[in-house]
K.L.:
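First the structure, which I've put down as structure tokens, then a few questions once you've had a look.
Here is the naming used below: chain letters follow the sequence lines, and residue numbers restart at 1 for every chain.
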Amino acid sequence: MDGLQQHLLSLIIFLPTAGAGIIILLKESQRAIVRQVALGTSLVTFGLSLLLFTGFSANDHFQYIEKVEWIANYGISYHVGIDGISLLLVLLTTFITPVAILSSKVAINDRVKGFMVSLLVMETGMLGVFAALDMFLFYVFWEAMLIPMYLLIGIWGGERRLYAAIKFVLFTMFGSLLMLVAILVLYSLSKVQLGHYTTNYLELTSLTLSASMQTWLFLAFALSFAIKVPLFPFHTWLPDAHVEAPTAGSVILAGVLLKMGGYGFLRYCIPLFPQATAQFTPWIVGLAVIGIIYGGMVALVQTDIKKLVAYSSVSHLGYVVLGIFALSLQSVSGSIIQMVNHGLSTGALFLLVGMLYERTHTRQIADYGGLAEVMPHYSVVFIIVTLASIGLPGLNGFVGEFLIIVGSYGTQPTAAILAALGVILSAVYLLWMVHRVFYGPPGAILQASRDEAAPKLADLSRREWAVMVPILALIFVLGVYPKPFLSRIEPAVRRLVVTYQTAHGPVVPAAELVDEQLIMIEKEMN
Amino acid sequence: MSDTLYLITLFPLVGFLVNGLLGRWISERQSGLIASLAVLGSLLVSAQLLLGLLARPAEDRLFVQLLFAWIPVGDLNIDVMYRFDPLTAVMTLVITGVGLLIHIYSLGYMRGDPGIRRYYAFLNLFTFMMLNLVLADNLVLLFMGWEGVGLCSYLLIGFWFADEAKARAGLKAFIVNRIGDAGFIIAMVLLFHQFGTLSMSEMAGKAEGALVGPNFFTIVTLLLLVGAIGKSAQIPLFVWLPDAMAGPTPVSALIHAATMVTAGVYLIVRNSLLFSLAPTTMATVAAIGVLTAFLAATIAMTQTDIKKVLAYSTISQLGYMFMAVGVGAFSAGIFHLMTHAFFKALLFLGAGSVIHGLDGEQELGKMGGLKHRMPGTHWTMLIGVLAISGIPGLSGFFSKDEILWGAFIWHDGVNWIWLLGIMTAGLTAFYMFRLYFLVFHGPARWPGDTQPHESPSVMTIPLTLLAYLAILGGYVGIPEALGGINRFHHFLAPVVISYHTAIAAAPNTRPLELLLMAVSTVVSLGGVYYAYRIYRVQPALAEQLARRLRPLYGLSRNRYYVDEFYQAVVVRPFQKLSGLCWNWFDVRAIDGLVNASARSIARLSGVVRQLQSGLIQHYASLILLGVIFIMLYITMG
């Protein structure tokens with residue numbers, strides 16, 4: 001048992017790859033077994049990650065640490081561990097992967113083996129990114145994840161899959177190359193300042209960097225993360241990638257991949273380069289707010305459901321970035337919860353759109369109408385997920401959004417207020433879509449399906465329920481009782497905020513300034 | 001006693017879950033019974049708690065129950081905590097009392113509708129959310145109820161969603177409300193940063209004498225007001241409520257007349273301390289209220305759809321409540337909220353009964369002469385009409401006069417708010433009696449094959465009970481001037497701020513108060529008289545007047561073109577701008593740039609491809625390029 005506890009994290013990270021190894025040994029014709037192995041592996045991984053959650057103690061240390069020399073001559077080691085910031089993202093990853101695997105049963109019938117191997121390898125990559133405490137290791141995982149995603153879009157994607165896949169790689173590579181440069185610079189500095197070469201994250205955070213060095217390194221990292229999030233105006237790869245990716249790809253993309261940007265800001269940009277963070281915060285916050293409003297406005301005019309959901313991601317992740325760079329306890333906690341929320345609700349929306357597409361082979365909003373009459377259960381689930389995405393209190397989206405807005409006001413008052421106005425938009429574009437798809441008289445698709453010959457539009461199948469029920473349950477749990485999650489996040493966030501403030505000087509909230517001035521005046525008058 | 005508070009919301013929650021999840025296994029009848037019993041349960045617990053409150057001394061009337069910590073992060077602690085004080089008591093009793101009658105009425109009205117389980121599930125969910133709204137101690141929990149009732153309103157307006165127009169009305173309601181909610185959210189943010197808490201009881205303790213910027217209270221209350229305006233359909237966000245009449249009529253009665261739309265008034269009264277510290281906001285509330293009251297009344301005069309008349313009437317009456325709280329007569333606002341809940345629910349349910357009897361007809365032009373065909377509906381509705389018109393002896397008279405008195409003493413005498421208020425009273429009596437005469441008197445104008453019939457007793461019994469409430473509901477607040485002791489006012493006194501204590505307590509106001517009552521009664525009777533002249537005695541007069549006052553009539557008939565204005569000035573330009581953003585920026589600017597660079601890379605990789613082939617190699621070569629770049633950087637830097 002002790003052995004399990006000691007190596008739990010590594011076990012979780014590499015179990016999916018082991019599953020992929022087994023699948024490679026199977027024949028392409030053994031599809032059912034391939035699917036079962038994939039699902040089984042990912043479910044066991046999820047089960048193990050629950051042990052991480054329950055065993056996690058709410059303090060600000062890294063836990064489940066494992067460290068093994070890897071390339072000793074270069075000071076590179078296999079070094080993993082998680083804190084409150086990565087814990088939830090690890091859980092999100094292990095949760096979303098089986099969901100994605102289960103969702104691809106109908107849609108993917110071509111090269112199932114390759115598909116499952118890609119998904120499982122990607123899971124290892126994603127988990128590695130969230131758990132790595134060595135920057136070289138981090139970079140390896142970061143890049144390792146890119147290839148399966150490229151394959152998912154490029155092979156199993158829609159009509160314009162090649163364009164979308166290349167666009168995806170182009171954007172991401174551009175960013176990660178610069179990041180590699182920055183990592184190598186840090187690496188060379190470690191020799192100068194610490195006396196030995198190392199890529200150990202914990203050691204590298206103790207480097208002292210000149211202001212100009214911070215600026216350049218920050219930009220190199222931040223660009224990579226900004227593209228991943230994606231922050232306006234680096235977002236245009238996302239709608240294409242989403243539209244062309246198969247459902248499982250979209251779910252992973254929205255559910256986990258985008259979160260790596262947010263995670264990267266939290267783990268690397270802010271602790272390593274606090275001065276530069278302070279310097280660029282106004283710009284990044286500005287772009288985040290533009291993203292919130294702009295993403296919402298562009299979502300409004302989309303005619304393809306999937307594209308609409310993709311643009312809604314741009315808007316929602318604008319909140320995440322705002323919360324991160326507002327750097328208050330509440331705003332950063334809110335951002336982490338919001339990353340999980342977005343993974344759940346946007347992931348669920350992509351799943352639902354996928355289910356619909358499997359039945360009708362169109363994603364054009366104009367083709368629909370009156371769906372609620374024919375597919376009542378599907379409609380109820382869709383509307384609940386939409387409401388979660390809108391941020392209705394009692395469902396998960398509200399908790400994150402509210403914490404971000406409240407927490408950001410202290411340091412970024414204007415941005416917080418603009419973000420609050422953004423809540424109007426999300427209701428407009430999402431509910432208007434719901435209106436056109438589900439309500440009103442039957443649209444073209446429904447009329448066609450009334451033909452005797454045409455297949456009937458079936459409501460949710462058992463498998464589809466099995467995919468949706470866990471997500472719905474989490475949507476309610478996170479909305480009503482987020483405390484167990486928040487309490488695990490808080491210590492790590494507190495450490496981050498304190499580190500930032502001591503390195504850069506406390507951020508004085510505008511409101512408190514007014515107070516202090518008032519007290520001064522008051523004193524003078526007496 | 002405190003530990004039963006959670007039961008108030010638990011019953012409707014269970015009712016919602018049973019109807020929502022197990023609907024398939026229960027019959028239509030069971031569905032309605034379960035939902036009604038759930039509300040009955042809440043009513044009984046609330047009544048017991050009210051008795052518990054009354055048994056205590058006035059300053060000690062409060063029950064509190066902490067259920068669990070909802071959103072705790074650092075110094076932000078949002079608890080699910082309920083408080084039951086006199087204000088909550090009034091609200092919960094109105095919600096569960098009127099709500100129960102409407103649940104029962106629906107047994108008849110919605111009979112045979114295939115969506116009946118969904119209907120009752122939503123109705124119970126609404127009750128749950130509304131009760132949370134009034135029980136919440138924390139503004140954020142209140143906001144959950146606030147959004148929750150908005151959701152139910154959206155779902156129930158669009159209950160018959162296959163009808164595009166009805167679904168669209170629901171959407172409009174949600175979005176217009178969302179504009180107000182943004183104000184609400186910003187207000188919460190400001191309040192938290194000022195007081196470090198969002199618990200309303202804790203804030204109240206810190207507000208007075210707090211060291212704040214000069215305009216803090218004004219700004220924060222104006223933002224709350226934006227929220228209240230959206231929910232309570234005041235100028236300029238009232239446009240959603242008339243459309244909301246697309247929902248089933250019992251829903252209009254419960255949500256869009258008696259309870260949800262009054263949440264804005266409740267919000268202001270619940271935070272009366274904050275508002276009383278912001279005189280500018282108070283004046284704004286009063287002005288918005290009276291203008292809404294007047295404007296909506298002028299629109300109600302010319303509408304021909306029975307539910308639209310009642311919708312504008314609701315907007316107008318909500319305006320009265322805003323006017324009341326704006327001039328500082330907080331308890332009068334809540335008093336009117338309660339009496340209005342009785343008589344307006346009665347009027348809507350009566351209208352529903354008429355519509356039911358005429359097989360779905362809503363046009364006043366196709367009614368008439370129903371007095372003898374539907375005697376029960378006729379008598380109960382007449383009581384409702386008398387009550388809303390402010391005829392002495394009925395509930396509306398007492399609450400309306402308390403408001404007008406509050407407006408009068410607001411500026412120590414005749415002022416424009418009071419004047420507009422009293423004119424509105426006349427208009428109200430006019431349009432309500434217009435409706436009454438057009439429905440129940442004169443020649444029958446329904447098509448020959450319709451056989452109007454009285455509704456079943458499951459519908460008329462709630463009407464009768466509401467009629468009693470519409471008469472007697474005012475007697476809890478008989479003013480001192482009429483020899484009463486205004487028990488209602490004193491009951492609420494510990495919870496709301498008294499804004500005008502000095503003038504109200506002056507001993508020599510009695511003759512003046514009586515005089516004003518006489519004036520408003522005369523004005524109301526005047527309204528009744530003109531309605532009688534025009535719609536009963538000389539039916540041709542209506543046409544003539546409309547023609548002679550064409551411009552005014554047109555404005556009123558077309559609701560001052562407010563909807564058209566918003567379409568032209570807000571909705572369409574915004575859509576256009578969004579389209580431009582996408583086409584110009586995303587598609588052309590950014591992607592144009594990216595595609596151009598992609599083409600040049602493709603050309604470049606065409607060269608590279610001669611050396612290597614395949615993706616991984618391509619990828620590796622890029623990494624190599626990066627490494628070279630670094631080497632250069634390190635050696636040169």
K.L.:
When only pairs under 4.5 Å are counted, which of Leu580(B), Ile185(B), Leu171(B) shares the most heavy-atom pairs with chain A?
P.N.:
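Top option by heavy-atom pairs under 4.5 Å: Leu171(B).
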K.L.:
Hey, is the main chain of Val73(B) close enough, under 3.5 Å, to the side chain of Glu490(A) for a donor-acceptor pair?
P.N.:
no
K.L.:
Go through the atoms of Tyr154(B) and report whether side chain, backbone, both or neither lie under 4.5 Å from a heavy atom of chain A.
P.N.:
side chain
K.L.:
Is Val480(A) close to chain B through its backbone or its side chain, or both, or neither, when contacts mean heavy atoms under 4.5 Å?
P.N.:
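Both parts, backbone and side chain.
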K.L.:
Using every non-hydrogen atom in the two residues, find where Gly579(B) and Val301(A) come nearest and quote the distance to one decimal.
P.N.:
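Minimum heavy-atom separation between Gly579(B) and Val301(A): N-CG1, 3.5 Å.
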K.L.:
Does any heavy atom of chain B fall under 4.5 Å from the side chain of Phe402(A), the backbone, both, or neither of them?
P.N.:
side chain
K.L.:
Between Leu486(A), Leu329(A), Val298(A), Val423(A), which residue shows the highest count of heavy-atom pairs closer than 4.5 Å to chain B?
P.N.:
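Greatest number of close heavy-atom pairs with chain B: Val423(A).
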K.L.:
Looking at every non-hydrogen atom in both residues, tell me the closest pair between Gly410(A) and His193(B) and how far apart they are.
P.N.:
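That would be N-CE1, 3.3 Å.
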K.L.:
Just give me the residue among Ala162(B), Ala167(B), Gly148(B) that pairs up with chain A most often, heavy atom to heavy atom, under 4.5 Å.
P.N.:
Ala162(B)
K.L.:
Show the numbers, then the answer: is there a side chain to side chain contact (heavy atoms under 4.5 Å, CB included) between Phe574(B) and Val428(A)?
P.N.:
CA-CA 12 Å; Phe574(B) 191 78; Val428(A) 176; over 6 Å; no
K.L.:
Below 4.5 Å, heavy atoms only, C-beta onward: do Arg168(B) and Tyr439(A) meet side chain to side chain?
P.N.:
no
K.L.:
Are any side-chain N or O atoms of Trp70(B) and backbone N or O atoms of Gly479(A), one a donor and one an acceptor, separated by less than 3.5 Å?
P.N.:
yes
K.L.:
Taking the side chain as every heavy atom from C-beta outward, state whether Leu431(A) and Arg178(B) have any atom pair closer than 4.5 Å.
P.N.:
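Of all side-chain heavy-atom pairs linking Arg178(B) with Leu431(A), none is under 4.5 Å.
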K.L.:
Might you point out which heavy atoms bring Ala182(B) and Ala420(A) nearest each other, and give the distance in Å?
P.N.:
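Reported closest heavy-atom pair: CB-O, 3.9 Å.
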K.L.:
At what distance, to the nearest 0.5 angstrom, does CD1 of Ile424(A) lie from CZ of Phe174(B)?
P.N.:
12.0 Å
K.L.:
By a 4.5 Å heavy-atom criterion (distance strictly below it), what part of Ile179(B) contacts chain A: side chain, backbone, both, or neither?
P.N.:
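Both parts, heavy atoms under 4.5 Å.
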K.L.:
Would one find more than 12 heavy atoms of other residues, nucleotides or ligands at under 6.0 Å from atom NZ of Lys576(B)?
P.N.:
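Atom NZ in Lys576(B) is not packed in, count stays at 12 or less.
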K.L.:
Identify which part of Phe192(B) has an atom lying under 4.5 Å from any heavy atom of chain A, answering side chain, backbone, both or neither.
P.N.:
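Side chain only.
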K.L.:
State, with a plain yes or no, whether a side-chain heavy atom of Leu577(B) is found less than 4.5 Å away from one of Met297(A).
P.N.:
yes
K.L.:
Can you tell which of Pro441(A), Gly334(A), Ser176(A), Ala419(A) has the highest number of heavy-atom pairs within less than 4.5 Å of chain B?
P.N.:
Pro441(A)
K.L.:
Using every non-hydrogen atom in the two residues, find where Ala372(A) and Phe161(B) come nearest and quote the distance to one decimal.
P.N.:
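Shortest heavy-atom separation between Ala372(A) and Phe161(B) comes out as CB-CE1, 3.4 Å.
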K.L.:
If we define contacts as heavy-atom pairs under 4.5 Å, which of His435(A), His235(A), Gln302(A) has the most with chain B?
P.N.:
His435(A)
K.L.:
Heavy-atom distance under 4.5 Å to chain B: side chain of Leu425(A), backbone, both or neither?
P.N.:
side chain
K.L.:
Give a yes or no on this: more than 12 heavy atoms of other residues, nucleotides or ligands lie within 6.0 Å of atom OH of Tyr566(B).
P.N.:
yes
K.L.:
Less than 4.5 Å to any heavy atom of chain B: does that hold for the side chain of Ser426(A), its backbone, both, or neither?
P.N.:
side chain
K.L.:
Can you say whether Ile71(B) sits under 4.5 Å from chain A via the side chain, the backbone, both, or neither, judging by heavy atoms?
P.N.:
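Looking at Ile71(B), backbone and side chain both touch chain A.
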K.L.:
Name the region of Trp432(A), side chain, backbone, both or neither, that has any atom closer than 4.5 Å to a heavy atom of chain B.
P.N.:
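When you check distances to chain B, atoms from both the backbone and side chain of Trp432(A) fall under 4.5 Å.
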K.L.:
Under 4.5 Å from any heavy atom of chain B, what part of Ile489(A) do you find: side chain, backbone, both or neither?
P.N.:
neither
K.L.:
Under a 4.5 Å heavy-atom cut-off, does chain B meet the side chain of Ile405(A), its backbone, both or neither?
P.N.:
both
K.L.:
Which value, rounded to the nearest 0.5 Å, describes the distance between Leu223(B) atom CG and Ile417(A) atom CD1?
P.N.:
7.5 Å
K.L.:
Check each atom of Leu141(B) against the heavy atoms of chain A and say whether the ones under 4.5 Å are side chain, backbone, both or neither.
P.N.:
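No part of Leu141(B) comes within 4.5 Å of chain A.
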K.L.:
In Å and rounded to the nearest 0.5 Å, what is the OH to SG distance from Tyr311(A) to Cys581(B)?
P.N.:
10.5 Å
K.L.:
What part of Leu387(A) gets closer than 4.5 Å to chain B, counting heavy atoms only: side chain, backbone, both or neither?
P.N.:
side chain
K.L.:
Please classify the contact of Asn177(B) with chain A as side chain, backbone, both or neither, using a heavy-atom distance under 4.5 Å.
P.N.:
neither
K.L.:
Can you confirm whether Leu403(A) sits close enough to Leu76(B) that some side-chain heavy atom of one is under 4.5 Å from a side-chain heavy atom of the other?
P.N.:
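They are in side-chain contact.
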K.L.:
Is it the backbone or the side chain of Val140(B) that comes under 4.5 Å from a heavy atom of chain A, or both, or neither?
P.N.:
side chain
K.L.:
May I ask you to decide if the ring planes of Tyr481(A) and Phe68(B) are parallel, tilted or perpendicular, using 30° and 60° as cut-offs?
P.N.:
perpendicular
